[in-house]
Number of protein chains: 2
Amino acid sequence: MRVRLQDVAERAGVSAATASMVLNGKDDSISGETRARVRAVASELGYRPNVLARSLRSQRTRAIGFISDEIVTTPYAGAMIQGAQYVADEHDYVLLLSNTDYRPDVEKRTVEALLDRQIDAAVYATMYHRIVEPPTALGHIPTVILDSRPKDEAAFSWVAPDEFGGATAAVEHLADAGHRRIAMINDPMGPPAAIEREAAWRTVLETRGLDDGPDLVAHADSDAASGAMAAARLLEGDDPPTAIFCFNDRMAAGAYIAASRLGLSIPRDLSVVGFDNQVLVAEAIDPGLTSVQLPHDEMGRWAMEQVLRLLDDGAGPQGKRMPCPIVERGSVAPPGQL
Amino acid sequence: MRVRLQDVAERAGVSAATASMVLNGKDDSISGETRARVRAVASELGYRPNVLARSLRSQRTRAIGFISDEIVTTPYAGAMIQGAQYVADEHDYVLLLSNTDYRPDVEKRTVEALLDRQIDAAVYATMYHRIVEPPTALGHIPTVILDSRPKDEAAFSWVAPDEFGGATAAVEHLADAGHRRIAMINDPMGPPAAIEREAAWRTVLETRGLDDGPDLVAHADSDAASGAMAAARLLEGDDPPTAIFCFNDRMAAGAYIAASRLGLSIPRDLSVVGFDNQVLVAEAIDPGLTSVQLPHDEMGRWAMEQVLRLLDDGAGPQGKRMPCPIVERGSVAPPGQL
DNA sequence: TCGATTTACTAAACCGATTTAGTTCTATAT
DNA sequence: ATATAGAACTAAATCGGTTTAGTAAATCGA
């Protein structure tokens, strides 16, 4: 059986109340002798408080619900969890992770289960940056949206990647290398991420006075096979691009495949920049793929820190854009002389 | 404020005891009329029991600790969590996920934190198949090891991949395609996975009477760059292999890189089989990589089912090897005529 | 018709902590 | 010498449920 506070108290010859006060540092009016005795007995017996009992009484569980659509179970964004968990750990909070698989009924059940466990706050995280509407039940406790933005920005705190900034840096990186014909392969499904990345690409083209035109955009699904087809379409045109900026790394891997089939060498004949910095992909292909990194770890930390802020200060909701740095590998070089 | 059982009871004009019994189905001696009234009030008020209070009294939390070294935060084995969570959900259990980052001090803290929360049982999961010794504190509650084996097999239940079977199938797949010179790139660090996969490879060579010899093994680290160097060594020999079986997919991606640099085309000039079926890697390279799949989802499910078995039946510890199927893509073909 | 069951409920204990409102006892002030 | 304040503790209430023991009224058997 586990050692209870009662056991410690009895062994130390004091009441449970006294023992509780000593072990919680509320010992202003406890004699130094008693204090020492209780502490000694507690550690001798290896006493650990029952968190359930404590939480029931104090109405705070130090548990944070982490609700995600599919982060936990996919290889993409685990760093968000890591970041959040690190901060939680540091402050003696525990994360209760759960997955909804995008199913509203599961989401409802999950949120209820978490609230039944009296979580103090919640992080509502998504795999992709989009616009979300968390279940209303979460409105009753501090909730921070991670990797998305809420429909009603006044209702929830949120942190999302600075897609525009990251994409701008990527395209400028290509422009700086001397490219004037920079194409983009995008996912036409149009989540905020896609719209912002394409807007940034277009803005750089304009600002720098680079080539533009419909033959410099191709649409594809978010996988290598589809990316390869899109890249082939771009590269087989009359005046092909010398660089391609891809919506994500898997499409960029597709661009490698298309280039290889056309006898083009990367980065000599074609420069490529991806997005997401998916290490498994970026390092599986040759040369390594230069890519824009999603700041998953930082966003996870920020979300959790914001949760703590909401719990402590009772601060109001806040939004934050997190910068996306470029990770350079070997897929960018000055354009060849044609 | 949340609705308490007391509120439901008052509104229904009964005692809390009666309300509790009705809502828990222990209503043998409650009149049909009262039963209906309590239920109606409960759903009208949207009553949800406070799980902390219930657990404190019943001494069961329906929470399972999921302790992993780094699964949650890396892109490799999330499917184990998914499988475990699916089964847990189905039986109204909740998973408390945590990461230890291989640090014993963190592991100790984590396990204590979970036990403080009165978890009913635990799953001790690892990223790689190895031999582990879970903290002794876990010996007091039902614990299942996931993706590894315990030092003391009598102490814990466990489930691990059938590495030998999977590797055997992989090498036989190459042999069946007509290859007689099948090399292996292995990680010499020697975890059980590496030893078993190499043993299987060697066994198939012997059984089938295929070529063998020191020039058919190369050692490498578990990444593409190192795999490429190892593959280059194999392929630049006097009598190069026509097929390579790799310890993992990242090394296999390295083999692609080496082949490409030597002007060899896969699968025309070289067949490759990987291990892990890391989709991000296997589909980023061309042609798609044939690989052996680790049954993460199935292992996760089995582990959780075993936890439930231990909780319900009080059954004894059990071990289980889970089969690893081959996933065929395009990297295997009959050897070319040299 | 009277004691024995059965039916339908409730009061109170309990889970393991925290916290409030007291209670002793000693030391100081008047 | 007596009221007063502070020091050092404890009894009891509390959190929100579950469960045991018990009670009052209705039904049954002989």
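Throughout, a chain's letter reflects where its sequence line sits, starting with A, and its residues are numbered from 1.
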Inset, instruction - Pick out which of A:M299, A:M127, A:R301 makes a side chain to side chain contact (heavy atoms under 4.5 Å, CB included) with A:M80. - result: A:M299
Inset, instruction - Using a heavy-atom cut-off of under 4.0 Å over every strand shown, decide if B:S58 touches base, sugar-phosphate, or nothing. - result: nothing
Legend entry - Along DNA chain C, first and last positions that approach a heavy atom of chain B under 4.0 Å: C:dA8 to C:dG16
Legend entry - N/O (side chain, A:T34) to phosphate O (OP1/OP2, D:dC9) under 4.0 Å: yes
Inset, instruction - Report, as yes or no, whether the 6.0 Å neighbourhood of atom CZ on A:R11 holds more than 12 heavy atoms from other residues, nucleotides or ligands. - result: no
Inset, instruction - Please report the shortest heavy-atom distance between B:I119 and B:T61, naming the atom on each side. - result: CA-OG1, 3.7 Å
Inset, instruction - Taking only the side-chain nitrogens and oxygens of B:Y47, find out if one of them lies under 4.0 Å from OP1 or OP2 of D:dG16. - result: no
Inset, instruction - Determine, step by step, whether A:W302 and A:V87 satisfy the side chain to side chain contact (heavy atoms under 4.5 Å, CB included) criterion, reporting the C-alpha distance in whole Å, the side-chain angles of both residues, the deciding distance to 0.1 Å, and the verdict. - result: CA-CA 9 Å; A:W302 190 92; A:V87 174; over 6 Å; no
Legend entry - Heavy-atom neighbours of A:R60 CZ exceed 12 at 6.0 Å: no
Inset, instruction - Mark yes or no for a side-chain to base donor-acceptor pair under 3.5 Å between A:R57 and D:dT14, with no hydrogen or angle criteria applied. - result: yes
Inset, instruction - Within residues 21-30 of chain A, find the residues that approach DNA chain D with a heavy atom at under 4.0 Å, and present them sorted by residue number. - result: A:S29, A:I30
Legend entry - Between D:dG16 (P) and B:E10 (CD): distance, integer Å: 12 Å
